[in-house]
Amino acid sequence: MNLNIAVDQPDKKLALFGPADRNLRMLREAFGVAITSRDDELRLAGPGDQVSKAAGVIDRLQRRLKRQDYLSAEDISLAFREAQHAHDVA
């Protein structure tokens, strides 16, 4: 499955992606998806359920960045847990 996600706030890409793209790497490793960034868009590719989980994390992180200018380690961990839980319940 392929999914394109717009980066809502391009000026906060560094916060979303993490230092040296650490947050994107965590998503790749946790869910086994390919993630590429082009301009103000992320492209996710992989098994449908895993792409959905990764997209859920990105959505939660983007919503958090609408309220603040940075993401703490706790924000990131919480987004991963919530996305996993939402998928398991669905």
Give me the atom names and distance for the closest heavy-atom approach of [X] to [Y].
X	Y	value
Gly56	Ala83	C-CB, 4.0 Å
Ala54	Leu44	CB-CD2, 3.6 Å
Asp69	Ala15	O-CB, 3.9 Å
Phe80	Leu27	CZ-CD2, 3.8 Å

Side-chain heavy atoms of [X] within contact of [Y], under 4.5 Å:
X	Y	result
Leu42	Phe17	yes
Ile35	Arg43	no
Gln9	Lys66	yes
Val57	Gln84	no
Met26	Glu29	no
Arg64	Leu61	no

Requested in this report: Answer with yes or no whether the side chains of Ser52 and Asp49 bring together a donor and an acceptor at under 3.5 Å.
Outcome: no
So CG of Asp75 and CZ of Arg63: to nearest 0.5 Å the spacing works out to 12.5 Å
With Ile58 as partner, the option from Ile5, Val7, Asp8, Asn23 fulfilling side-chain contact (heavy atoms from CB on, under 4.5 Å) is Ile5
Atom CG of Asp39 with >12 non-hydrogen neighbours under 6.0 angstrom = no
request  = Considering only NZ, NE, NH1 and NH2 on the basic side and carboxylate oxygens on the acidic side, decide whether Lys13 and Asp40 come within less than 4.0 Å.
outcome  = yes
Are Leu78 and Leu65 connected, step by step, through hydrophobic side chains (Ile, Leu, Val, Met, Phe, Trp, Tyr) whose heavy atoms are closer than 4.5 Å? no
### Task
Check whether any side-chain N or O of Gln50 sits under 3.5 Å from a backbone N or O of Ala45 as a donor-acceptor pair, and report yes or no.
no
